[in-house]
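Working notes, beginning with the structure itself.
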Amino acid sequence: MTLHARLASLLLACAIALPAVAIEFSRKPQAGSADALLSADAAFRLVSVIRDQDAILVNWMIEPGYYLYRQRIAVEAVEAGISLGKPVLPKGIAEHDEHFGDVEIYKTAVELRLPLKAGAPVPTQLRLRWQGCAEAGVCYPPVTRVVDVSPAS
Amino acid sequence: MSKLSTVLVIGACLLAAAGGYGLSQLQHGGEEHAHGETPSTQKPGTTAAAPSESLPTGIALSDLDGHKYSLDDYKGKLMIVNFWATWCAPCLNEIPILVKMQERYGAKGFQLIGPAVDDIEEARRAAPGLKFNYPVAVGTPEDMLELMSTLGNDQGGLPFSVVIAPDGRIIERQLGEYSEVELAGLIEKYLPH
């Protein structure tokens, strides 16, 4: 084999190897869209339900590649006879959905603020509901949880 | 000189192979390790079933009018059980494609079944607009999640489809939407005649 032929072989070897490397790059897992689809509890983590001076604060952390719908976060008192103030949620990312119209979604994190009425009984437990999806095109059933309200530390 | 060239070629191949493996490990963080940490994770996309895996018998369902039926009633047909819900936008995207497939292949031995992982009233309200031409199954969301788990989806993500051969063998599962092209190809491949 001549030197030129061997150099051609070297180029051919690289030509075969480089696309293989490129394929590996293209398979890089994207959060929420590739190898590991998280469970709803892992994707949307309820991290705290804390009573502050004049409100109860509920916080969720949202994993990259997942989102919660603002319109599908709901809260109610578990105990009978307790009336709650109107929950306050931050403005989300505005999106237009073909099926649901104009919606807002949260990525990364969201805090729900539940104002306490002066002199009114404070709930010790809340029933929370939320629902979200993975950007990979998979949605999770609504989650309902009854949680204790912790006093502020 | 010729020996040097040979060494160069072999060395380039080894380097390329080692580089590719190293990149793969960096990107996946060690696939075995990651899978070991989260054994219950599911992947969006298609998963082939084990060759001997069959649909469990005796799965009873109830349609939107309360009539009872069983998946066993459709044995002998190529069947897709497609779980959906009104709160699931990808499901609502996919249903018109499924309706089209039922229309196109229904007379050729294909049957779709659509269990709704939803409140019965929500499913009833949405059904006319979705123009189902195949049986929808309703129950409590908990019952439907249990059925979905029986058919291989423990996490509850939707849409979720199970493709069942005419002899009852499970062919594959799909988490996420099928495209029209994928679905037509799949159906034509496995139609009974």
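Chain identifiers are assigned alphabetically (A, B, ...) following the order of the sequence lines, protein sequences preceding nucleic acid strands; residue numbering begins at 1 within each chain. Remember, it's a predicted structure, so these values are computed and weren't measured experimentally.
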Would Q155(B) and L38(A) count as a side-chain contact (heavy atoms from CB on, under 4.5 Å) here? Give the steps.
CA-CA 8 Å; Q155(B) 290 186 336; L38(A) 299 174; 6.0 Å; no

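I105(A) and V110(A) are assigned to two separate hydrophobic clusters, defined by single-linkage of ILVMFWY side chains at heavy-atom distances under 4.5 Å. One hydrophobic cluster, built from ILVMFWY side chains closer than 4.5 Å, holds both M148(B) and V162(B). By the criterion of side-chain heavy atoms lying less than 4.5 angstrom apart, applied directly or through intervening Ile, Leu, Val, Met, Phe, Trp or Tyr residues, V138(A) is not grouped with V103(A); the two fall into different hydrophobic clusters. M61(A) and Y69(A) fall into different hydrophobic clusters, where Ile, Leu, Val, Met, Phe, Trp and Tyr side chains are chained together by heavy-atom contacts under 4.5 Å. Clustering ILVMFWY residues whenever any of their side-chain heavy atoms sit less than 4.5 angstrom apart, transitively, puts L71(B) in a cluster other than the one holding I187(B).
Annotation: side chain of F100(A) is in contact with side chain of L92(B) (closest heavy-atom distance under 4.5 Å). Side-chain atoms of L175(B) and L37(A), non-hydrogen and from C-beta on, do get closer than 4.5 Å to each other. Considering only heavy atoms from C-beta on, P90(B) comes within 4.5 Å of C139(A) through its side chain.
Its side chain within the 4.5 Å cluster rule, V146(A) clusters with V78(A) among the Ile, Leu, Val, Met, Phe, Trp and Tyr residues.
Residues of residues 109-145 of chain B having a heavy atom under 4.5 Å from any heavy atom of chain A, listed by number: L145(B). Listed in order of number, the residues of residues 72-89 of chain B that approach chain A to under 4.5 Å between heavy atoms are T86(B), W87(B), C88(B), A89(B).
For the side-chain contact (heavy atoms from CB on, under 4.5 Å) test, residues two or more places apart in sequence or in another chain that qualify with R129(A) are A74(A), P142(A), T144(A).
Of the two parts of Y140(A), the backbone and the side chain both hold a non-hydrogen atom closer than 4.5 Å to a non-hydrogen atom of chain B.
Counting heavy-atom neighbours within 6.0 Å of E79(A) CD, excluding the residue itself, gives a total above 12.
For the options A40(A), A42(A), P141(A), heavy-atom pairs under 4.5 Å to chain B are most numerous at P141(A).
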